[in-house]
**Student:** 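I'd like to ask you about the structure that follows.
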Amino acid sequence: MIKREKVTAFALVALDVPLKKLFAYALTGPIPAVGSRVLVPFGPRRISGVVLELRDDAADFKGTPKAILAVLDDLPPLPAETLQLCQFVAHYYHYPIGAVIAAALPKVFRSPTVFREPAPSLVYFAEDVAELLQQIPSRAPAQRRVAAHLAVPHTPAALRRLHDSAWRWVKVWHEQGWLQSALEAKVLAKASDNLALNAEQSQVLTELTGARGFAPFLLYGITGSGKTEVYLQTIAQVLARGLQVLVLIPEINLTPQLEGRFRARFPGVPMAALHSGLNDTERAVNWLSALRGEAKIVLGTRLAVFTPLPQLGMIIVDEEHDPSFKQQEGLRYSARDVAVYRARQAKVPIVLGSATPSIESWANAKAKRYRMLTLSERAVPGAVLPKITLLPVKNVGLVDGLHVMALAAMHAALDRGEQVLIFLNRRGFSPVLQCGECGWMACCTHCSARLVLHLKERRLRCHHCGYEQAITPACPDCGNHDLKPVGQGTQRMEESLPLHFPGKKILRIDRDSTSKKGELDAALAQVHSGEVDIVIGTQMLAKGHDFDLLTTVVVLNADTGLYSVDFRAEERLFALLTQVAGRAGRRELPGEVFIQTAFSDHPFYHQLLARDFAPFADRTLHERQMMLLPPANAWALFRADAPELEQALSALAQIRACIAPEPHLLLNQPVAATMLKKAGVERAQLLIAAQSKVQLQAVLDEALPTIAALKLPKVRWSLDVDPIEV
DNA sequence: AGCACGCCGACT
DNA sequence: GTCGGCGTGCTC
Ligand SMILES: [Zn+2]
Ligand SMILES: [Zn+2]
């Protein structure tokens, strides 16, 4: 009889801990595949991890490995490509691999408990929404708003997002026979028709559908040029080849509209939405259907870039310039950049679409690393871009914050029966509450910031942390009772406008007025129905929402960043104003945009008025090259916070000392953050600039092990590669 | 990041 | 006497 030595095998497991290493565990039972989710003992607790390597020794671990407790098969082993993508991200953003994998997985797969997939739920929809609406009395507007959504199939969970009672109503309507229900995969409806394409669109479609292998495109298309229709027809052809499409979109409450349009065009094509509105279970279910290759279209926000897709055929990043593609805490990745890497890895085409591309992507297109495709005509024949007028406000008397020309234009539009949008990106009544005697201003105790006066709620609130307090009745410094609101917020505009527009219906739409479920939906419905005359809106309304009767837009206080240190301020303002201008005018009603500005002489406005992003982008890119700013070089930013600024600065000085100077590497001095105090800590930062991303990575690879070994008590620090806010 | 261990100040 | 403050150190 042959005595076999006991075969011991080991697994190297990635765990969600801030340590840049893998942990060795002994395999006792069946051998899990690489990529499997496993339950392991870790110190006194049991946590979930992912197997990255199998081997017959414990690598460099000298102790006695503990045994894996269980292989959790609620998740199929992650494909090698997904693990490799996570490895790339871990390396590029200098983040521990276990933490990257954890961030890439739906929350339920980070927990040590096994996820039980619920039975597939039915979806509810109306074949003829008009017929359904006839059954619902007009005295039930909330029910009618829900009904109006039901051309698109909804799960019970999706219904609950529309309105707390929506699921209850739908059950009744279904019993009445006014609605159909089906398993999601079985919905058979007529697809919305392809829209006719103009010559430019057809040419772009031909280019995109003809591409094979890794092929990056920058689709530069002006507002209203029909980018979405081009996406839809391109997607149809990728689906016809039996492949999956990943569509990444910004994080805004616009996902439902886009999802509706996709579902209407591709009824019966399984689609997985992955946005922040979903609960953990929905997210996990949709993610699994993508991983299994069942969902053919994955429509999601930045996190969706990590979704495993066995038959990936194309990636589309819509509004590629949008800052929400860059995560601003923890793993500070750019989903757009990761998407480009992923397209290269999967050897598929990628389309970055925007009316105002990021200068980074513009530079790539100019350098022929991306192929530039242009849509320069409006898709709807005869439609013209809105006219933009600057209203200089320097040394001009304003009436409740409005220029007389703006008031006149608003009156004219309202007289024609049209709607007006006042775009004011500042919630609350006034950004400052000030003492008229001594000049004292109400400030947050935890942040270096003013408290914003919210008169409606009778509170002073900090917009940077959760702090709020009752309105101070008197100045704490001099006792004066005459405290004055200074500056104009949306609430103040809402209060003063009726004086100038008596009898007109005015509606404020901002985060405060739409914080409850269904409120935004209700507000938008009021605007669509035409019962609202003037809308006062913040950033929330800048994107996407199209109102047929809205012709006139007045922009207030948008350009405060123009002379700031932030070198991306112009780029962002161009994108914002382009988007806001897109709200003005439809088809036969031409739009007009009035921008109140204190900087009407700024060269930026010459280019905005020319309505052409290309010369602006060319000039900006040239400036960046002249001044050695990204994308002409590569930046990394160390941030530190501590109870005292001195501690943060000293930590950054120690970090800086770990980086060896070399030619073409700029090591700045640590400086206090522009807003020194935030949420009770004092903050500082250290910028390093390298000639190229390659040099930057080499420098960071070299320095980070030393930096990680530093003892920095009371200080929390993080590294941001390719920061967008400095 | 958790979580335990450990060593000093004021509480029943 | 012990409850709890958070500094320090470790996790296969
Ligand atoms: Zn005072
Ligand atoms: Zn604050």
Side-chain angles (χ1 to χ4, degrees), chain A residues 6-72 77-78 83 86-87 89-90 93-113 280 303 327-333 638-644 646-648 650-651 654-655 679-683 704-720:
Chain A
K6 190 183 162 203
V7 176
T8 24
F10 298 91
L12 299 189
V13 179
L15 299 173
D16 184 15
V17 287
L19 301 170
K20 286 188 183 169
K21 58 173 173 177
L22 299 176
F23 292 84
Y25 286 90
L27 295 170
T28 47
I31 294 176
V34 167
S36 301
R37 182 163 110 91
V38 289
L39 183 68
V40 295
F42 191 66
R45 55 206 172 114
R46 319 164 112 213
I47 60 176
S48 160
V50 171
V51 175
L52 287 196
E53 200 184 328
L54 295 167
R55 45 192 295 156
D56 46 22
D57 60 41
D60 55 356
F61 183 59
K62 299 292 181 286
T64 314
K66 296 181 180 174
I68 285 180
L69 297 169
V71 179
L72 305 173
L78 295 172
L83 297 176
C86 290
Q87 294 277 14
V89 169
Y93 294 103
H94 300 274
Y95 212 69
I97 179 65
V100 172
I101 293 174
L105 292 177
K107 225 205 217 117
V108 298
F109 297 121
R110 291 173 224 168
S111 115
T113 48
D280 293 345
L303 250 171
Q327 178 137 336
Q328 291 291 16
E329 84 263 307
L331 171 58
R332 301 172 112 96
Y333 67 103
F638 286 92
R639 291 175 224 266
D641 65 59
E644 302 289 336
E646 293 315 312
Q647 297 165 311
S650 133
Q654 292 177 64
I655 287 174
V681 289
E682 303 200 327
R683 310 169 315 145
L704 276 168
T706 330
I707 293 171
L710 290 173
K711 279 213 173 78
L712 304 168
K714 305 255 194 192
V715 176
R716 296 188 324 165
W717 67 270
S718 65
L719 170 62
D720 190 350

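Values reported hereafter were calculated over all heavy atoms of this structure, with side chains retained and with hydrogens, waters and symmetry mates removed. In what follows, every chain begins at residue 1, and chains take the letters A, B, ... in the order their sequences are listed.
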**Student:** Could I get the full list of side-chain contact (heavy atoms from CB on, under 4.5 Å) partners for A:Gln654, not counting sequence neighbours?
**Tutor:** A:Ser650, A:Leu710, A:Leu712
**Student:** Starting at OH of A:Tyr93, measure out to OG of A:Ser718 and round the result to the nearest 0.5 Å.
**Tutor:** 14.0 Å
**Student:** Which pairs, with at least one residue in residues 32-48 of chain A and sequence neighbours excluded, count as a side chain to side chain donor-acceptor pair (under 3.5 Å)?
**Tutor:** A:Arg37-A:Ser48, A:Arg37-A:Asp74
**Student:** Could you give the CZ-to-C1' distance, from A:Phe10 to C:dC12, as a whole number of Å?
**Tutor:** 10 Å
**Student:** Of all nucleotides in DNA chain B with an atom under 4.0 Å from a non-hydrogen atom of chain A, which is the first and which the last going 5' to 3'?
**Tutor:** B:dA1 to B:dC3
**Student:** Can you list, by residue number, the residues of residues 16-24 of chain A that have a non-hydrogen atom closer than 4.0 angstrom to DNA chain C?
**Tutor:** A:Leu19, A:Lys21, A:Phe23, A:Ala24
**Student:** Show me the donor-acceptor pairs within less than 3.5 Å that the side chains of residues 12-29 of chain A make with the rest of the protein, sequence neighbours left out.
**Tutor:**
from	atom 1	to	atom 2	distance (Å)
A:Lys20	NZ	A:His94	O	3.3
A:Tyr25	OH	A:Pro41	O	2.7

**Student:** Not counting sequence neighbours, which residues clear salt bridge (Lys or Arg N to Asp or Glu O under 4.0 Å) with A:Glu646? List them please.
**Tutor:** none
**Student:** List the residues meeting side-chain hydrogen bond (donor to acceptor under 3.5 Å, both in side chains) with A:Glu53, not counting sequence neighbours, and say none if there are none.
**Tutor:** A:Arg55
**Student:** Identify, with sequence neighbours excluded, every residue that meets side-chain contact (heavy atoms from CB on, under 4.5 Å) alongside A:Ala70.
**Tutor:** A:Leu39, A:Leu72
**Student:** Could you give the side-chain donor-acceptor pairs of residues 105-113 of chain A under 3.5 Å, partners two or more places apart or in another chain?
**Tutor:**
from	atom 1	to	atom 2	distance (Å)
A:Arg110	NE	A:Ala102	O	2.8
A:Arg110	NE	A:Leu105	O	3.3
A:Arg110	NH2	A:Leu105	O	3.1
A:Ser111	OG	A:Thr113	N	3.0
A:Ser111	OG	A:Thr113	OG1	2.6

**Student:** For nucleotides 6-9 of chain C, print each protein N/O atom paired with a nucleotide N/O atom at under 3.5 Å, atom names and distance only.
**Tutor:**
from	atom 1	to	atom 2	distance (Å)
C:dG7	OP2	A:Lys714	NZ	3.4

**Student:** In Å, rounded to the nearest 0.5 Å, how long is the span from CG of A:Leu303 to CG of A:Leu331?
**Tutor:** 9.0 Å
**Student:** What residues from residues 37-47 of chain A pass a heavy-atom cutoff of under 4.0 Å to DNA chain B?
**Tutor:** A:Pro44, A:Arg45
**Student:** Could you pull out all residues at least two apart from A:Arg683 that satisfy salt bridge (Lys or Arg N to Asp or Glu O under 4.0 Å)?
**Tutor:** none
